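Contents: one structure, followed by commentary.
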Amino acid sequence: MRYLERKPPPELEPFVQCFWYLNRTYKGGDDGEVLWPDGNYEVIFHFGSKYEVNKTPMETAFLIGT
């Protein structure tokens, strides 16, 4: 697994806290991540194998958050 977190360019700093990248192989079963609520929204762009949340297939781009 590879995880990177980057600051946004100055033009986006008022709107974006950070960009993070996760490169990981999923083998099926119960090997997902736990995202703890922090009051922020996240826009996820997913380019890889099928991604599911609660057995619901997700699009390649979606909004998630509390």
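By convention here, the first residue in the shown sequence is residue 1. Note that these values count all heavy atoms, side chains included, but never hydrogens, waters or copies made by symmetry. The structure presented is a predicted model; accordingly, all values stated were derived computationally and were not measured.
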- prompt: Listed by chain and number, what are the ring pair (Phe, Tyr, Trp, His ring centres under 6.0 Å) partners of Phe15, not counting sequence neighbours?
  reply: none
message: My understanding is that only one of Pro14, Pro9, Pro10 makes a side-chain contact (heavy atoms from CB on, under 4.5 Å) with Leu12; could you say which?
response: Pro9
Same cluster (ILVMFWY, side-chain, under 4.5 Å), Val43 and Phe47: yes
- request: State plainly whether one hydrophobic cluster holds both Leu4 and Val16, where clusters connect Ile, Leu, Val, Met, Phe, Trp and Tyr through side-chain heavy atoms under 4.5 angstrom apart.
  value: yes
From [atom1] ([X]) to [atom2] ([Y]), nearest 0.5 Å:
X	Y	atom1	atom2	answer
Glu42	Gln17	CD	CD	9.0 Å
Ile44	Thr60	CD1	OG1	11.5 Å
Arg6	Cys18	CZ	SG	11.5 Å
Tyr41	Ile64	OH	CD1	12.0 Å

Residue Glu5 excluded, over 12 heavy atoms near CD under 6.0 Å: yes
task: Answer yes or no: is there a donor N or O on one side and an acceptor on the other, between the side chain of Asn54 and the main chain of Thr56, under 3.5 Å?
output: no
